[in-house]
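This structure is a prediction, so every number in the text was calculated from the model and none was measured. Basis for what follows: all heavy atoms, side chains included, without hydrogens, waters or symmetry-related copies. Proteins get letters first, then strands, A, B, ... in listed order; numbering begins at 1 in each.
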Amino acid sequence: MTSLDLAFAACGLLAVVAGLLAVTTRQVVHAALWLVVALLGVAGCLLVLGHELVALVLVLVYVGAVVVLVLFALMLTRAPIGPDLAHAAPVWRQAAAAVAGAATTALLLAALVPVAGSAVERREISNQAVATELFGTWVWPFEALSVLLLAALIAALAISRGRAGEDT
Amino acid sequence: MTLEMSWGLLLPALLPVAAMLLVLVVDAVAPRARLAAPVIGALGLGGGAATALPGLVGTGPRLTLCTPAPEGRCLWDGGPLTSTLQVAALLATLAVLALVSIHRAGVIDVVLLLASASGAAAVVASRDLGTWLVTLELATLPVIALVAWRDRRAAAHGALTLLTTSLVSFGLLVLGAALWVTGTGDPTLTGDSLATAWEVPEQRVLVSLATVVLVAGLAFKMSAVPFHAWTPTTLAAGPLPVSALLASASKVAAVGALIVVLTPYESVLGLSPGPHAVVAALVTLTVASMLVGTVMALRQTEVVRLLAWSTVAQAGWVILPLTALTAAGRRAAAVYVVVYAVAGLVAFAAVRAVHGPHVEDRRDLTAYQGLLRRDPVAGGALALALLVLAGLPPGVIGLVAKIVAIRPVVSAGLWPVAVVAVVAAVLGIAVYVRWFAVLIGEPGEDAPARQRSRRASVGVALVGSAVLVLASVLPQLLVGLVS
Amino acid sequence: MALILMLLVPGAVGLWLVTGGRGLDAHTARVVALVAATVGGLAAVVAAAMRPVVDRAWIPDLGVRWHFAIDGISAPLVVLTAVIGVLVVAHAWVEQPWTDTHLGLPRGSAATYLGALLLVETGALAAFAARDAVLFFIAFEVVLVPMWVLISRYGDPKSAAARADASARFILYTAVGSTLMLVGILLLVGQAGTADLDALPAAAGALGQGPQTLIAVLLTLGLAVKVPVFPLHTWLPAAHTTAPTAGSVLLAAVLLKLGTYGLVRLPLANVPDGFARIAPGLAIAGVVGILWGGLICLVERDLKRLIAFSSVAHMGFVVLGLASGSATGLQAALIGNIAHGVISALLFVIVGGLKHRWGSVDLAVVRPALREVSPRLGFALILGLAAGLGLPGLAGFWGEFLALVAAWEPAHHEGVLRTCAVIAAVGAALAAAYALRVARIVWVGDAVPDAATDDPVAGALDRIDTRTPDTRGVELAVLAVLVAAVVTIGVVPHTVLSVTAAAAEALVGGGR
Amino acid sequence: MIHLLGPYVVAALLVGLGVMGVLARRNAVLVLVGVELILSGSLVLLVAAGATAPSRWEASSVLPLFVITIAAAEVVVALAVILTAFRHRGSIDMDEAL
Amino acid sequence: MSALQVSYLLVLVPALAAVATLALRRWQGPATLVSVGAALVSLLLAVVGLVVAPVRGTDLVPLRGSYAVGGLDLPLQLGAGPATAAVAAVVALVAAAVLVFTRWYLAADDRLAVFAATVSLFTAAMMLVVHSRDLVLTVVGWEVMGWCSYLLIGHWSRKESARRAALKAFLVTRVADIGFVLGVVGLCAGAGSTGLDTVVAAWTSDEAPGSPALRSTLLVLVVIGVLGKSAQFPFQDWLPDAMEGPTPASALIHAATMVAAGTVVLAQLFEVLVLADGARWVLGLATAVTMVGAAVLALGQSDLKRLLAWSTVSQVAIMLSALATTTRDVGPDPALFHLWSHAIFKSLLFLTIGWLSVIAGSTLASALRGAGHGHPLARVAWLFGLLALAGAPFVVGGLSKEHVVVTAYEGAASAGGPGVVVLAALLVTVVLTAAYAVRAHLVVSAPVPNSPIPPLGPDTPGPNGGIGEKSTGHAGMPSAPVLASLAVLTVLTVVGGLVLLTGLFDVHGASVWWMVLTTLLIVIGGGLAWLARGSGDPRDQFVRTPRHRALADSGFGADTAYRALVARPVLGLARVVAFLDREVVDGYVRGAAASAGVAGWLAERGHRRESPSAGLGLLALGLLVAAGTAVLTWR
């Protein structure tokens, strides 16, 4: 158990607990807020693992943009501030979902734990190197990503503007 | 880092993007020019397909985006198989563009189609997880928008279904990718990267799990059972051309992506495909898809739903040869999906020619009573497509495709799966012959009136039929593409 | 050249008739079809005599070639198909299913009907001539859709449900068989490394016992549907009952032959050891079929169904011959095949004619004696029945007798096959019983009441058109050809046996 | 020094929670939340792979960036679709049939 | 002309005549002329054949090489020997007489030509059996005869009893033929050839292709077929029913062809038969039972034609019994000799009763009383025929029967086979035969004038189920050719025994003691019948109650037994099978269709809620399945 392990455990615990609350809370707005907490926890994990850039982007993009959008969407779809009884899933389904989630976790653990091994030295990741690779080797998918973003933008615009009545 | 890059190989994916940008620019400059967008779009798609053609005949490796030797890996493979799928996806999108019909196609339609096409063209060529993930989503995301952006309740519902499943599938893909990187330490989907991980049993398990998760994620896009639930809803609710796109170009892209994932296994598993997790997952998918899809299609009377369920069944047929995890199987899957895409497009085009653009029409089987007599062109094309799908001569190419699909499975010793395929094939014949019987019957009184603006649909149906006839006479033209 | 002509002319004309030529009036269509069938038939006869070979690449990646040739085993079948092809087209002058309106609905065009006939013929010819396993399968499948059209579209005009049921049964059932066969073929081709039927036996001979048996099981199961072998026969009666006369004739005389021919060509020739392993099962299925068909014929009321079941019984003998594994058995199967082709064709033409005249062929309906009201038709019927029961001097005898001899002295599994021979001989007596039952009811008019006045069915008798017109014209010609064939094969079996002898010897490795 | 067990466990738990969230929720927006959890679990996994050994082309850093971006794009489209659906159906209840 | 050529011609000429007659059937007169002419040509040929008959033991040279079907040789040869030449001659004679008679008898029939053609074909088939040196050809002739008998018996198809009799005749013989065909198949398959000489050589050699038990079994099978064709117990009942056919047909079937064919075939296979004790026992017991039973039944018939039928059964049993008892040294010729003599006198009897029935309008004994008055030739023919039947010394029948009796005695004496049983049966039969022969004579020559019974139409059965004869429309005086043929037959009946002088039949001399004994027995039998003659039908003295008469007329109820033991179970089984086929075998087809339907219904239920979350639910299912398979199968 090293200090890094401890730090990671703390962040991880935060992320997991917040995630649990995010998927179980009855109040939809709380769910979005708990997601923020969970994502912050994940960002912390990433930091502990040495990937500051990724952690930063995660916080920026997710917390800064995505969750805000989610909140907006919840508002626009008239989500209640209190517990959302209209969308409460039956208990059996929640139980089934829990079982499915647990099964997934178990499966992943069964595959991952054997390769975990003992403690290893954390590698310093230089943003320089990441940038070089990103704009060197990965330039092609990076450009494709831009096209994707453009397409998503147009798509979102088109959808939200709509086109009345006419059909292809 | 320097990348060796040959632009020629990238053009099939780049040209649609260029066309897309050009459409946007033209639209910004001259918003009145309504014809500009479709024409540019068609040129982009056609050009992309044309630039992929050399790959069909070329020999030798067509790799690009390679890092320097000795540890060099290539991110892009433009070989014959890839080129075939690219041409198929691009031309299928072109056909869908035609189905949208030139006058109605707005800028947004064209842009989204082009984006999707470029994604499809890119994903089949990609050999690394980054490109693969990005372009796969590029192929998918615009389609969701295409389903949704028509302002209708049913379309919105279909889009919601498609969206949620697609989101989850994306989550699975990312999870699979993460597992893959964890297992191999390598973001490329190549035999080399797999081979190193294969040495260590724990990593082997991890990699297998990664592939299973990736396959599951892709099964969404291919609408394979049990990841198919969006298919009937979305296809029936969305606009017909988009359904055709989902059944053709999207399916080609998904199969291409699946082939990319499975190719590495040829080097490690191909020789002895025993009870391996990947094989088991594929067998489950193919068996379930073939059976459930056909059985459900057997009960449909709404033709688009019937086609939707037949898509599910055909997804099983596409996956069938892949269960062998051999190069022959990979090629067979490509051949099959191309044949299916063409036949499916012809069927959708014929349906559109019969019913016109109005989804609210009663698209029931009874509307096809005696179509072959009333409307020999659309009826004939539809009949041919149905026979091809059923795999019955004179749709010889459908039969050849079935032979092609079963062959690798049998060679790999998985003949029980082939026997299941027999059952599915027979049920499939029942599905399509049921429709065919309606077609060749006598016209009833309550036949729908002939649609007026159907030139584009009929054209697509005819071109597709011509391809099918040609391929039936000379199957080698198609079968030989991928070898 | 002859081969190409034989396949191309009927095929192309048939395709044209069902697509472009649908608008043709009935007379033109018939003439066109007859010319095509005749040219194709002549070419087939020439090809059967000259034995040309066509061999060129078709799908190199699958190793599939356009490889057509005719050898001793296929030559009689090719000639049979050619003759039957001409006859069924000629029969369109007699029975015109496209004019059989029911409920006032027209039923498609003459051109489609004739085109479908020609396509079936083409498919059968191609299958008999194919020398490539995969090509054989494709040709085998070609007949499905046109035959389906014939049944579902031009079948019994009375009941649409029956047509739908029978045609669906036909296509699905046979598709099960053919697809299973495809799996077997692909397994065989994959293991042997070639699809060329000439090279396959040598290549497949080296396979081990396990693969051979598996391949043989798959192939035999698949082909047994087509033959049909008990208990896979239930599609046949429905199809025969519903199909128009020409369809029944084609079905019995040509399509069933595809099954036995396939059994000879694929499992027997290529995986002999595997086939020998499952031969007892096949033989048992065959003799059960003999008894089964014979017994049902004793109580069956519908004459067309009855003849269909008798086909099951006759094919049982063919299967028994094949299962014996000896050259004698193979020869027996081949001549039995041909004989059944002409006999059942003859019977179906007659019964189709009767159905046309009477409206139904229910044996429970009282009708005047055929020998009284239409002697020529009656003569043909009694001859057909006699041939069907295996009367020596007519076509049916040789196949049955030789099959019995072969089963008595088989190449393997002597105990099982001898038992089968005994049971098959009992089945031959059943054949006599049902043939005479038909003769008694139809030919000599058993049910004619002596005094019509006090008979409850007298009312029914009045409604029946008792003036059954005798056969004449084209129908007479068709019958005459078939009768001549039945007698010729019966009196001079060597016309067939000598053609098949060398090939049969070669197939089973030179005698017992 | 760090144990890799930690990241693996966290990733597995997050993915499991995400699956649970996706399955248990009827509100379409909250399904998104579940998906985000699956994605973040996968990110942890990806990053952990690169934290100890150099991955080829820094994939363990680059791929998370890609994933985050794609996810953002998806969310944009998803929310648009959800809003459209809400406009037409009056609810975003996933259990509501057409 | 060699004997071989004669034999080929003897087969071909009637066969071609049949085809020609059939082709000319529109013109009845010329058509029948063709067949009669052909029959006369055959007769001529047969006489030539007698002259050129090869010396015993000469090998026959095949005309051409043999065919091979797989491992089976098919020589398909014909051949001739002294005995076959004699049999062929009598067949040709009877056929010619029958055809001549037919032209007169059926002159008014609209299907006369077809009948004549069938008779010609029948003759050809019998000639084939007689001359066959190949078992397949034997089977061919054998079955064709069966078919022709079906056609001939059923000739008057407007009559229900004729239809039924034809069906019965064919079916009963065909059932027995199961055995015949199987036996032949076994013999041929074992020998690898169908050639008679090869088969005999193979199965009599030391290295026979099968065990003695197998050989015996195969011959038992052949014997079963022979029993069927020759109407022996338990297949006897079809023959009396076959009297429903026109009388010429009966004459043909009874005298020279069908029922006698079994004797010919067994004679051909004699070398093997003597080695097969089982077969000899079966044959001997069956014939012993048959000859006595049939004679008793003949005595009790109310219908004289049926009486003749039963007498045929009995006489054929005598022929066959000779084969069962004869030793290797004696050979089959006593049986063939009896065949020869029986053919002559039985055809004479049948043709005479045909003539008489035309006069009387029926064949019932009550109708025929005194029918011989006014037709001396008929009476003479009838008398001599019956004499021969009874076995009076020196007429042809007496001579041949004498040889059979001696053969049986020798067989019994050499202590092998069923000789004793057969001998006892023979002696009983001699008595009974004499009795019914005397009875038949008494009926016809009774002094009571013929009571005018109106001629019966063909479609209405006579009283008591008797046989209605066809009204020919003429006064009952046959044409000159018919009279001539009757005269020839009568003469031959008297002097036919002279054939022994030609050496065609290889028979041992008869014993004087046995001749005396049988004569005594004949006198006893005939005397009893004469004493019991009474005022009406002498039968009444033996069979007093109507119940017994009915029993006799129904042949001890064999028909009922056939129905109960064979027909009904088979039909019942057929119904069961039809049911099974419909409901069980087809069940899996419909089951498959139904299960596809049910699966579709279930799947549709599973997809009924097309809500977005349903898809996610399926996803969970899929994930669990994938996880399960992954865990179970990864390696």
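Annotation: maximal heavy-atom pairing with chain C below 4.5 Å, among B/L478, B/L474, B/V422, occurs at B/V422. For the set B/V419, B/L392, B/L399, the entry with the most heavy-atom pairs within less than 4.5 Å of chain C is B/L399. Between chain C and the residues B/P376, B/A390, B/P393, the most heavy-atom pairs under 4.5 angstrom are made by B/P393. With respect to chain C, the highest number of heavy-atom pairs below 4.5 Å among B/S411, B/G380, B/A437 belongs to B/A437.
Between B/L282 and B/L325, the closest side-chain pair of non-hydrogen atoms falls below 4.5 Å. The shortest distance between side-chain heavy atoms of B/W309 and B/T294 does not fall below 4.5 Å.
Heavy atoms closer than 4.5 Å to chain C are found in the side chain of B/V396, but not in its backbone. Contacts between B/L387 and chain C at a heavy-atom distance below 4.5 Å involve the side chain alone, from C-beta outward. Of the atoms belonging to B/V423, not a single heavy atom falls under 4.5 Å from chain C. Within the 4.5 angstrom heavy-atom criterion, only side-chain atoms of B/A425, from C-beta onward, approach chain C.
Here the shortest heavy-atom pairing between B/A297 and B/L306 reads O-CG, 3.9 Å. For the pair B/A461 and B/A381, the tightest heavy-atom approach, listed with the atom from each and the gap, is CB-CB, 3.9 Å. For the pair B/L414 and B/T323, the tightest heavy-atom approach, listed with the atom from each and the gap, is CD1-O, 3.6 Å. Summarising the geometry of B/L320 relative to B/M290, their closest heavy-atom pair is CD1-CE, 4.2 Å, with the distance given to 0.1 Å. Closest of all the heavy-atom pairs between B/A332 and B/A405 is CB-CA, 4.3 Å.
Within residues 138-146 of chain C, the residues having any heavy atom less than 4.5 Å from a heavy atom of chain B are, in residue-number order, C/I138, C/E141, C/V142, C/L144, C/V145. When the heavy atoms of residues 169-184 of chain C are compared with those of chain B, the residues falling under 4.5 Å are C/I171, C/L172, C/A175, C/V176, C/T179, C/L180, C/L182, C/V183, listed by number.
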Apply ring pair (Phe, Tyr, Trp, His ring centres under 6.0 Å) to residues B/W435 and B/Y368 and explain how you reach the verdict. CA-CA 8 Å; B/W435 195 350; B/Y368 291 78; 5.4 Å; yes
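There is a side-chain donor-acceptor pair under 3.5 Å between C/S109 and C/T112. At a cut-off of 3.5 Å, with distance as the only test, a side-chain donor of B/T366 or B/D364 sits close to an acceptor on the other residue.
Under the 4.0 Å criterion applied to side-chain N and carboxylate O atoms, C/D196 and C/R131 are not assigned as salt-bridge partners.
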